[in-house]
Amino acid sequence: MSGKQDVSFDPKEHQHLRYNPLRDSWVLVSAHRMKRPWAGQVERPPEEHIPRYDPNNPLCPGNKRANGKGNPDYDSTFVFENDFPALQPDAPDPGSDQDPLFQSKAARGVCKVMCFHPWSDVTLPLMKKEEVVNVIDKWAELVEELGTIYPWVQIFENKGAMMGCSNPHPHCQVWASNFLPNEPALSDRCQRAYYQKHGEPMLLQYAKREAEKKRAKKWFSSSASSALPSVNVVLPGLAAIMKRLLTKYDNLFEVSFPYSMGWHGAPTGPYLKEDNSHWQLHAHYYPPLLRSATVKKFMVGYEMLAQEQRDLTPEQAAEKLRNLPEEHYKTR
């Protein structure tokens with residue numbers, strides 16, 4: 001086959017590979033696939049009529065949870081031990097005498113749930129900026145508290161039933177583990193290698209180069225990532241960034257936009273004694289809706305068996321968000 005190109009390359013029309021430096025991996029981008037007709041599964045639009053208070057919702061103030069414990073009448077954030085934790089602090093050790101092909105290791109930790117707000121119908125983009133500041137402040141408090149013991153503290157939010165969230169009340173989860181999970185371990189390796197070669201954190205250089213090129217700021221090949229210097233984070237500024245981004249997500253299809261979100265920062269616990277200059281605090285947002293409010297991007301087939309694939313370029317996605325109104329569609 002000849003390598004000669006008869007037409008000029010257009011990322012909006014021609015498939016190509018994009019490098020994701022945080023994962024040292026490549027993503028197949030096929031933007032022209034957005035033109036194909038859709039005859040697959042159509043989701044129900046996210047529920048828009050969520051009651052402010054539901055006496056049967058275990059996350060609402062004053063209500064009882066599945067284990068019989070009652071919530072306080074909280075008026076801000078509220079954190080409690082997960083009633084069905086994936087990690088427990090006293091799990092037994094499988095032992096070291098194992099077949100190399102069938103290995104197991106001890107997995108211990110704690111899982112917490114954090115409610116963002118006492119009202120079920122108020123998501124992060126609809127909160128007041130000072131209320132979002134309270135959420136971020138509580139995140140920082142939990143990382144500091146759990147990070148004194150555990151190597152990794154994962155804050156994550158699955159928003160919307162489409163992302164497997166079983167309760168519409170605005171909340172997230174915090175899992176602290178005695179091991180460094182696969183994704184942050186890979187990110188740690190990639191950021192460390194880049195720092196050793198270039199002498200500056202990867203994400204700071206990435207942000208600088210994006211600004212210089214005036215391209216899709218704070219967007220990576222496979223996710224949207226907000227990168228901020230961990231030592232210079234000003235809570236009101238970060239709250240404003242989050243509120244702005246999530247407002248634009250909601251405005252995209254004028255629905256309460258579903259996503260999976262999580263924070264990645266330097267490892268904690270025993271890693272606090274090491275030099276983590278290569279790390280940069282950042283958040284990942286993984287939205288499932290690309291075509292409409294009812295058509296979800298499924299990670300199946302090629303994505304599961306070969307590599308990640310996207311139907312939008314990062315520039316196209318960023319442009320869509322930039323062009324959306326700053327005011328939430330529910331408050332116009």
Exercise. Looking only at heavy atoms, which two atoms of Leu180 and Pro151 are closest? And how far apart?
Worked result: CD1-O, 4.5 Å

Exercise. So do Glu145 and Lys112 actually touch side chain to side chain, heavy atoms under 4.5 Å?
Worked result: yes

Problem set entry | Distance-minimising heavy-atom pair for Pro51 and Asp54 | CG-CB, 4.2 Å

For this session: Check whether any side-chain N or O of Asp137 sits under 3.5 Å from a backbone N or O of Val133 as a donor-acceptor pair, and report yes or no.
Result: no

Exercise. In this structure, are over 12 heavy atoms from other groups packed under 6.0 Å from Glu254 atom CD?
Worked result: yes

Problem set entry | Side-chain ion pair, Glu141 and Lys138, N-O less than 4.0 Å | yes

Seminar exercise, completed: Per side chain to side chain donor-acceptor pair (under 3.5 Å), Asp121 is matched among His169, Arg52, His49, Lys330 by Arg52

For this session: To the nearest 0.5 angstrom, please state how far the OG1 atom of Thr77 sits from the CG atom of Leu142.
Result: 8.5 Å

Problem set entry | Ser30: partners by side-chain contact (heavy atoms from CB on, under 4.5 Å), with sequence neighbours left out | Gln15, Leu28, His32, Arg33, Gln309

Exercise. How long is the span from the OG1 atom in Thr123 to the CZ atom in Phe116, to the nearest 0.5 Å?
Worked result: 10.0 Å

Seminar exercise, completed: Output for pair (Trp139 CH2, Trp263 CH2), nearest 0.5 Å, gives 6.5 Å

For this session: Determine the minimum heavy-atom distance between Arg332 and Pro325, stating which atoms define it.
Result: NH2-CG, 3.4 Å

Problem set entry | Same apolar cluster (I L V M F W Y, side chains within < 4.5 Å links), Leu59/Trp119 | no

Exercise. When you look at CG of Asn182, are more than 12 heavy atoms from neighbouring residues, nucleotides or ligands closer to it than 6.0 Å?
Worked result: no

Exercise. If you count the non-hydrogen atoms of other residues, nucleotides and ligands that lie under 6.0 Å from CG in Asp10, is the total more than 12?
Worked result: yes

Exercise. Heavy-atom count around Phe179 CZ within 6.0 Å, excluding the residue itself: above 12?
Worked result: yes

Exercise. Hey, is the main chain of Met127 close enough, under 3.5 Å, to the side chain of Lys243 for a donor-acceptor pair?
Worked result: yes

Exercise. Checking Glu274 side chain against Tyr271 main chain: does a donor-acceptor pair fall under 3.5 Å?
Worked result: no

Problem set entry | Side-chain donor/acceptor of Asn251 to backbone N/O of Glu326, under 3.5 Å | no

Exercise. Are Asp83 and Lys69 side-chain neighbours, meaning at least one heavy-atom pair lies under 4.5 Å?
Worked result: no

For this session: Would you check if Met299 and Glu308 make a side-chain contact, meaning some heavy-atom pair closer than 4.5 Å?
Result: yes

For this session: Output the distance between atom CG (Asp250) and atom CG (Leu245), rounded to the nearest 0.5 Å.
Result: 10.0 Å

For this session: Apply side chain to side chain contact (heavy atoms under 4.5 Å, CB included) to the pair Leu22 and His282, showing each step before the final yes or no.
Result: CA-CA 11 Å; Leu22 272 178; His282 59 284; 3.7 Å; yes

Exercise. Given the rule that I, L, V, M, F, W and Y join up when any side-chain heavy atoms are under 4.5 Å apart, are Phe253 and Leu321 in one cluster?
Worked result: yes

Quiz: residues 95-111 side-chain donor-acceptor pairs under 3.5 angstrom, not counting sequence neighbours:
| unit_1 | atom_1 | unit_2 | atom_2 | d |
| --- | --- | --- | --- | --- |
| Gln98 | OE1 | Ser104 | N | 2.4 |
| Gln98 | NE2 | Gly95 | O | 2.4 |
| Gln98 | NE2 | Ser104 | O | 2.8 |
| Asp99 | OD1 | Leu101 | N | 2.8 |
| Gln103 | NE2 | Pro100 | O | 3.0 |
| Arg108 | NE | Ala91 | O | 2.7 |
| Arg108 | NH2 | Ala91 | O | 3.2 |

Problem set entry | Close side-chain approach of Phe156 and His284, heavy atoms under 4.5 Å | no

Exercise. Where do Met261 and Lys159 land on the side chain to side chain contact (heavy atoms under 4.5 Å, CB included) test, with the steps shown first?
Worked result: CA-CA 8 Å; Met261 167 272 192; Lys159 179 173 178 276; over 6 Å; no

Exercise. Does the side chain of His117 come within less than 4.5 Å of His171's, by heavy atoms?
Worked result: no

Exercise. Where the side chain of Lys296 meets the backbone of Leu289, is there a donor-acceptor pair that is under 3.5 Å apart?
Worked result: no

For this session: Can you see which heavy atom on Ser277 is nearest to which on Pro201, and at what distance?
Result: O-CG, 3.5 Å

Exercise. What heavy-atom pair brings Leu272 and Gly147 nearest, and what distance separates the two atoms?
Worked result: CD1-O, 3.7 Å

For this session: Answer yes or no: is there an ion pair linking Arg65 with Glu81, defined by an N-O contact shorter than 4.0 Å?
Result: no

Exercise. Does Pro168 have any side-chain contact (heavy atoms from CB on, under 4.5 Å) partners at least two apart in sequence or in another chain, and if so, which?
Worked result: Ile50, Asn57

Exercise. Are side-chain heavy atoms of Pro181 and Gln154 found at a separation under 4.5 Å?
Worked result: no

Problem set entry | Check: His16 and Pro11 side chains under 4.5 Å, non-hydrogen atoms | yes

For this session: Apply side chain to side chain contact (heavy atoms under 4.5 Å, CB included) to Arg18 and Arg310, showing your working.
Result: CA-CA 10 Å; Arg18 289 287 183 102; Arg310 292 293 182 269; over 6 Å; no

For this session: Determine which pairs satisfy ring pair (Phe, Tyr, Trp, His ring centres under 6.0 Å) with at least one residue from residues 71-93, sequence neighbours left out, and list them in order.
Result: Tyr74-Phe78, Phe78-Phe80

Exercise. So if you build clusters from Ile, Leu, Val, Met, Phe, Trp, Tyr with side-chain heavy-atom gaps below 4.5 Å, do Val135 and Trp175 land together?
Worked result: no

For this session: Indicate yes or no for a side-chain donor-acceptor contact from Lys129 to the backbone of Ala239 under 3.5 Å, with no hydrogens or angles considered.
Result: no

For this session: Please check if Ile149 and Val174 belong to a single hydrophobic cluster, counting links between Ile, Leu, Val, Met, Phe, Trp and Tyr side chain heavy atoms closer than 4.5 Å.
Result: yes

Problem set entry | Exam field: side chain Ser187 to backbone Glu183, donor-acceptor pair closer than 3.5 Å | no

Exercise. Shared ILVMFWY cluster between Val113 and Trp152, side chains joined below 4.5 angstrom?
Worked result: no

For this session: Report yes if the side chains of Trp26 and Tyr19 come closer than 4.5 Å at any heavy-atom pair, otherwise no.
Result: yes

Exercise. In Å, rounded to the nearest 0.5 Å, how long is the span from CG of Leu203 to OH of Tyr195?
Worked result: 13.5 Å

Exercise. When rounded to the nearest 0.5 angstrom, what distance separates CE in Met163 from CD in Glu157?
Worked result: 10.5 Å

Exercise. Pro170 and Val122: which non-hydrogen atoms are nearest, and at how many Å?
Worked result: CG-O, 3.1 Å

For this session: Spell out, as yes or no, whether a donor-acceptor pair under 3.5 Å connects the side chain of Thr268 to the backbone of Tyr150.
Result: yes

Exercise. Who are the side-chain contact (heavy atoms from CB on, under 4.5 Å) partners of Arg189, not counting sequence neighbours?
Worked result: Asp24, Leu186

Exercise. Can you check whether Pro118's main-chain N or O pairs, donor with acceptor, with Asp75's side chain at less than 3.5 Å?
Worked result: no

Exercise. Quick check: does any side chain N or O of Asn158 sit under 3.5 Å from a backbone N or O of Cys165, one acting as donor and the other as acceptor?
Worked result: no

Problem set entry | All side-chain contact (heavy atoms from CB on, under 4.5 Å) counterparts of Tyr53, not counting sequence neighbours | Pro55, Cys60, Asn63

